[in-house]
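Encoded as structure tokens, the structure appears first; notes follow it.
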Protein chains: 2
Amino acid sequence: MNAVPASARNDRTGVVDAAMRVLGENGLPGLSMRRIADVLDVQVSALYWHFPNKQTLLAAVSERIVALNNKTPDAAPDLAAIATTLRERLLAHRDGAELVSSSLALGLLELPSRAQLEKAALAAGLDATSAGIAADTIVHYVIGFTFYEQQRVHAAVVGAVDASADLTPVQVGDRVDAFDAGLKMVVAGVRSAAGAHRSR
Amino acid sequence: MNAVPASARNDRTGVVDAAMRVLGENGLPGLSMRRIADVLDVQVSALYWHFPNKQTLLAAVSERIVALNNKTPDAAPDLAAIATTLRERLLAHRDGAELVSSSLALGLLELPSRAQLEKAALAAGLDATSAGIAADTIVHYVIGFTFYEQQRVHAAVVGAVDASADLTPVQVGDRVDAFDAGLKMVVAGVRSAAGAHRSR
DNA sequence: ACCTGAACACCGTTCAAGT
DNA sequence: ACCTGAACACCGTTCAAGT
């Protein structure tokens with residue numbers, strides 16, 4: 001939690017850097033404007049020069065979490081692969097799913113994966129309307145599953161302290177299996193919508 | 001916001017009543033322990049005799065939201081009908097989906113609809129493991145879609161004040177259509193899992 | 001362009017003490 | 001059994017003023 005030299009002044013990127021660090025160390029409940037300011041060795045009010053409010057700052061953090069580091073410029077990306085990649089991005093950051101879920105719901109975040117999913121659905125033979133719905137459906141599944149999972153893991157850790165619950169409540173492999181099995185169902189359902197009428 | 005007579009003392013039911021009222025009037029962001037105490041004409045600390053903390057109180061509120069008022073004791077409840085009923089319960093209360101989503105993730109809430117879905121999935125021919133996964137998948141879809149929808153509606157109302165955005169951004173009918181279309185995909189996918197191997 | 005300092009109006013939670 | 005009163009350690013946001 002030691003601060004960075006106050007020599008140079010900050011920009012939006014630096015503020016988001018600090019926020020990501022606070023998120024990693026304290027989780028979403030501990031991600032306060034004051035703690036971000038502390039990391040930057042700056043007054044809280046200084047943050048409001050860079051962002052109009054906390055939600056906007058969190059949206060910038062979310063954007064970084066879901067950003068596509070396009071090493072492979074999508075070589076035949078099927079629906080399941082896109083969904084799995086999104087899930088991995090969310091799992092890579094503490095409380096990532098909750099953060100992204102709220103930014104998304106507030107309309108402050110565009111999900112690159114959603115556009116990919118829509119494109120893949122079109123390629124699979126869905127009409128335009130259905131492709132959009134299919135993309136949203138898969139996104140809801142991935143975020144919902146991962147949010148639930150990330151919270152449960154945290155709850156299990158906390159709960160294991162005061163109640164001596166079973167120490168290995170869920171094995172990682174089991175969770176991956178459950179995610180894949182559910183995803184398989186959703187993707188099968190999306191595929192079954194191919195070749196429908198193109199009614200408005 | 002006028003208070004109730006302090007003559008009789010309160011019980012958990014009364015506290016949840018007050019919380020539901022605050023939720024309806026102020027939404028989840030305005031649902032504070034202090035406001036609940038105000039409605040009951042009581043000090044904040046009094047609430048902690050009834051509930052150990054805020055999350056537990058919110059779980060009790062969530063429980064009431066998703067409670068099944070079993071008028072029809074489930075006459076042939078198919079997957080889509082159960083999902084639609086859950087969605088309607090969530091929509092019936094301000095920020096209902098967000099509230100239930102968080103109580104669920106924290107492991108403080110058992111969803112009656114989930115048990116119904118699991119049973120219906122078994123009846124549809126899924127094995128035990130797949131039926132559980134199918135139930136979770138549908139729950140994630142319903143909560144994810146409804147959460148997003150409830151937040152967007154609120155954001156649209158707020159946004160329409162300062163920005164003169166299109167006043168009817170989404171018609172209710174369109175949203176119902178989108179929910180049903182996505183649900184149809186998910187249910188079709190679940191059905192396609194019937195008759196799978198019964199591996200461990 | 002970027003930050004300080006101070007204030008405002010809130011939070012959840014604890015705890016001794018009352019009846 | 002149920003509540004008061006007071007405190008503790010926090011919050012997000014605003015705003016005049018500095019450099």
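Basis for what follows: all heavy atoms, side chains included, without hydrogens, waters or symmetry-related copies. Every chain is numbered from 1, with letters handed out A, B, ... down the list of sequences. Since the structure is predicted, the reported quantities are computational estimates derived from the model, not experimental observations.
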Name the pairs: protein N/O against N/O of nucleotides 17-19 of chain D, kept only if under 3.5 Å.
none

Give the rounded distance in Å between these two atoms: [atom1] of [X] and [atom2] of [N].
X: Arg34(A); N: dC11(C); atom1: CZ; atom2: P; result: 15 Å
X: Ile36(A); N: dC3(C); atom1: CD1; atom2: P; result: 14 Å
X: Leu47(B); N: dT14(C); atom1: CG; atom2: P; result: 13 Å
X: Asp38(B); N: dC10(C); atom1: CG; atom2: C1'; result: 12 Å

Problem - Qualifying residues under salt bridge (Lys or Arg N to Asp or Glu O under 4.0 Å), relative to Arg12(B), sequence neighbours excluded - result: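 Scan of Arg12(B) (salt bridge (Lys or Arg N to Asp or Glu O under 4.0 Å), adjacent residues dropped) gives none.
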Practice task
To the nearest 0.5 angstrom, please state how far the CD atom of Gln150(A) sits from the OG atom of Ser101(A).
Solution key: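 That separation rounds to 11.0 Å.
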Practice task
Using only side-chain N and O atoms of Gln43(A), determine if any of them is under 4.0 Å from OP1 or OP2 of dG5(C).
Solution key: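 It does, given that an N or O in the side chain of Gln43(A) lies less than 4.0 Å from OP1 or OP2 of dG5(C).
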Exercise for the section: Quick one: which residue pairs count as a salt bridge (Lys or Arg N to Asp or Glu O under 4.0 Å) with a foot in residues 179-189 of chain B, not counting sequence neighbours? Expected result: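 The answer is none; no pair qualifies.
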Exercise for the section: Sorted by first residue and then second, give each salt bridge (Lys or Arg N to Asp or Glu O under 4.0 Å) pair with at least one member in residues 85-95 of chain B; sequence neighbours left out. Expected result: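 The answer is Arg87(B)-Glu149(B).
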Handout entry: Partner set under side chain to side chain donor-acceptor pair (under 3.5 Å) for Ser192(A), not counting sequence neighbours
Key =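 Not a single residue meets the side chain to side chain donor-acceptor pair (under 3.5 Å) criterion with Ser192(A).
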Exercise for the section: Could you tell me which residues satisfy side chain to side chain donor-acceptor pair (under 3.5 Å) with Arg34(B), sequence neighbours excluded, listed by chain and number? Expected result: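 By the side chain to side chain donor-acceptor pair (under 3.5 Å) rule, Arg34(B) matches no residue at all.
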Practice task
Using Watson-Crick or G-U wobble pairs with both distances under 3.5 Å, give me DNA chain D in dot-bracket, 5' to 3', with [ ] for crossers and | for pairs to another strand.
Solution key: ||.|||||...|||||.||
Practice task
Please list, by residue number, the residues of residues 49-61 of chain A whose heavy atoms come closer than 4.0 Å to an atom of DNA chain C; answer none if no residue qualifies.
Solution key: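 Output list: Trp49(A), His50(A).
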Handout entry: Which residues share a side-chain contact (heavy atoms from CB on, under 4.5 Å) with Ser45(B), sequence neighbours left out
Key =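 With neighbours one apart ignored, the set is Gln43(B).
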Practice task
With sequence neighbours excluded, tell me which residues meet side-chain contact (heavy atoms from CB on, under 4.5 Å) with Ser62(B).
Solution key: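 Ser62(B) satisfies side-chain contact (heavy atoms from CB on, under 4.5 Å) with Leu99(B), Val100(B), Ser103(B), Leu109(B) only.
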Handout entry: 5' priority, DNA chain D, between Ala46(A) and Met33(A) [closest heavy atom]
Key =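 Of the two residues, Met33(A) wins.
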Exercise for the section: Among dT14(C), dT13(D), dT4(D), find the nucleotide with the atom closest to the side chain of Tyr48(B). Expected result: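 Shortest atom-to-atom distance from the side chain points to dT14(C).
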Problem - Which nucleotide in dG5(C), dT13(C), dG5(D) has an atom nearest any side-chain atom of Ser45(A) - result: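 The answer is dG5(C), which lies nearest to the side chain.
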Exercise for the section: Please work out if Ser32(B) contacts a base, only the sugar-phosphate, or nothing of the nucleic acid, heavy-atom cut-off 4.0 Å. Expected result: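 Sugar-phosphate only.
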Side-chain atoms of residues 48-55 of chain A: list all donor-acceptor pairs with protein atoms under 3.5 Å, sequence neighbours left out, distances to 0.1 Å.
| residue | atom | partner | partner atom | Å |
| --- | --- | --- | --- | --- |
| Asn53(A) | OD1 | Gln55(A) | N | 3.4 |
| Asn53(A) | OD1 | Thr56(A) | N | 3.0 |
| Asn53(A) | OD1 | Thr56(A) | OG1 | 2.7 |
| Lys54(A) | NZ | Leu31(A) | O | 3.0 |

Exercise for the section: Sticking with atom P, work out how far dA9(D) lies from dA9(C), rounded to a whole angstrom. Expected result: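 These two P atoms come out 23 Å apart once rounded.
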Handout entry: C1' atoms of dC8(D) and dC11(C), separation to the nearest Å
Key =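 My reading of the C1' atoms in dC8(D) and dC11(C) gives 12 Å.
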Problem - Hydrophobic cluster membership, Ile143(A) vs Leu28(A), 4.5 Å side-chain cutoff - result: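 Per the 4.5 Å side-chain linkage, Ile143(A) and Leu28(A) are co-clustered.
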I'd like a table of donor-acceptor pairs (distance under 3.5 Å, sequence neighbours excluded) in which one partner is a side-chain atom from residues 131-142 of chain A, with atom names and distances.
| residue | atom | partner | partner atom | Å |
| --- | --- | --- | --- | --- |
| Asp136(A) | OD1 | Arg114(A) | NH1 | 2.6 |
| Asp136(A) | OD2 | Arg114(A) | NH1 | 3.3 |
| Thr137(A) | OG1 | Ile133(A) | O | 2.7 |
| His140(A) | ND1 | Asp136(A) | O | 3.2 |
| Tyr141(A) | OH | Phe179(A) | O | 2.9 |
| Tyr141(A) | OH | Leu183(A) | N | 3.4 |

